[in-house]
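What follows is one structure encoded as structure tokens, with my remarks underneath.
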Amino acid sequence: MNGFEIGDLFKFDKMVAPTVLRVVYWLGLIGIVLACLMSIFGAIQMMSYSATTGLGTLLVAIIALAFGTLVWRIIIEIYMVIFSINDRLGEIRDRLPPK
């Protein structure tokens with residue numbers, strides 16, 4: 001974790017959120033994929049009762065997989081940009097001459 005130590009949790013010198021956001025991204029992505037797979041399997045089961053409803057559900061599940069993955073990535077990237085702005089401002093502060 002880039003030289004991260006337990007003591008850093010109490011100092012607030014290093015940001016923990018970017019690392020946590022990566023974990024949250026993968027957990028969310030797994031959740032999206034699992035939910036869409038369950039919808040796809042449900043749609044296949046539904047086709048035995050109503051072909052059009054099952055086909056419609058299957059189409060919606062596939063679109064939800066693509067759109068959900070994209071939206072989830074954009075949300076996480078927005079948060080990552082916010083934290084990278086904080087890092088860049090710290091670098092600028094460090095380059096300024098001391099007062």
Side-chain angles (χ1 to χ4, degrees):
M1 281 201 278
N2 296 335
F4 184 78
E5 298 175 5
I6 295 296
D8 292 335
L9 288 174
F10 304 109
K11 294 180 190 174
F12 291 98
D13 290 336
K14 295 181 183 177
M15 297 299 254
V16 179
T19 305
V20 172
L21 279 174
R22 286 184 182 94
V23 173
V24 169
Y25 169 73
W26 285 108
L27 290 175
L29 190 63
I30 290 168
I32 290 169
V33 169
L34 287 177
C36 288
L37 284 176
M38 289 188 323
S39 293
I40 288 170
F41 290 130
I44 292 170
Q45 291 292 326
M46 172 108 30
M47 284 185 190
S48 65
Y49 298 108
S50 172
T52 55
T53 304
L55 191 60
T57 305
L58 181 65
L59 183 63
V60 168
I62 292 171
I63 291 171
L65 178 62
F67 188 70
T69 303
L70 179 66
V71 168
W72 183 241
R73 176 68 186 223
I74 290 170
I75 290 170
I76 295 297
E77 282 184 2
I78 288 170
Y79 283 111
M80 294 296 280
V81 164
I82 291 170
F83 286 108
S84 71
I85 288 171
N86 181 45
D87 289 340
R88 299 296 181 251
L89 287 175
E91 290 173 7
I92 292 170
R93 180 197 62 221
D94 293 340
R95 290 182 184 174
L96 291 175
K99 289 184 180 181

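Numbers here simply count residues along the sequence, with the first being 1.
Met38 is not connected to Phe41 by any chain of hydrophobic side-chain contacts under 4.5 Å among Ile, Leu, Val, Met, Phe, Trp and Tyr, and they are in different clusters. Hydrophobic clustering (side-chain heavy atoms under 4.5 Å, transitive across Ile, Leu, Val, Met, Phe, Trp, Tyr) groups Leu29 together with Val71.
With contacts defined as side-chain heavy-atom distances shorter than 4.5 Å, the pair Val24/Trp72 qualifies.
For residues 52-67, no residue pair satisfies the salt bridge (Lys or Arg N to Asp or Glu O under 4.0 Å) rule, not counting sequence neighbours. The list of salt bridge (Lys or Arg N to Asp or Glu O under 4.0 Å) pairs with a residue in residues 38-51, not counting sequence neighbours, is empty. Sorted by first and then second residue, the side chain to side chain donor-acceptor pair (under 3.5 Å) pairs with a member in residues 76-86 read Arg73-Glu77; sequence neighbours excluded. Pairs engaging residues 33-42 under the salt bridge (Lys or Arg N to Asp or Glu O under 4.0 Å) rule: none recorded [sequence neighbours left out]. Applying the side chain to side chain donor-acceptor pair (under 3.5 Å) rule to pairs touching residues 20-34 yields nothing, sequence neighbours excluded. Screening residues 32-48 for side chain to side chain donor-acceptor pair (under 3.5 Å) gives no qualifying pairs among residues at least two apart or on separate chains.
Applying the salt bridge (charged side-chain N to carboxylate O under 4.0 Å, His left out) rule to Arg88 yields the partners Glu91; only residues at least two apart in sequence or on another chain are considered. Residues passing the side chain to side chain contact (heavy atoms under 4.5 Å, CB included) test with Ile78 are Ile74, Ile82, sequence neighbours excluded. Evaluation of the side chain to side chain contact (heavy atoms under 4.5 Å, CB included) rule for Leu27 yields Val23 as partners, not counting sequence neighbours.
In the hydrophobic clustering, Met46 connects to no other residue, as no ILVMFWY side-chain heavy atoms lie under 4.5 Å from its own. Side-chain heavy-atom separations under 4.5 angstrom define the hydrophobic clusters, and Leu96 shares its cluster with no other residue.
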Please output the side-chain donor-acceptor pairs of residues 52-63 that fall under 3.5 Å, not counting sequence neighbours, one pair per line with the distance.
unit_1	atom_1	unit_2	atom_2	d
Thr53	OG1	Ser50	OG	3.0
Thr57	OG1	Thr53	O	2.8

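Note that the CD1 atom of Ile32 and the CG atom of Leu37 stand 12.0 Å from one another [nearest 0.5 Å]. Ile92 contributes atom CD1, which lies 11.0 Å from atom CG of Asp87 (distance to the nearest 0.5 angstrom).
For Phe67, the CZ atom is loosely surrounded, since the number of other residues' heavy atoms within 6.0 Å does not exceed 12.
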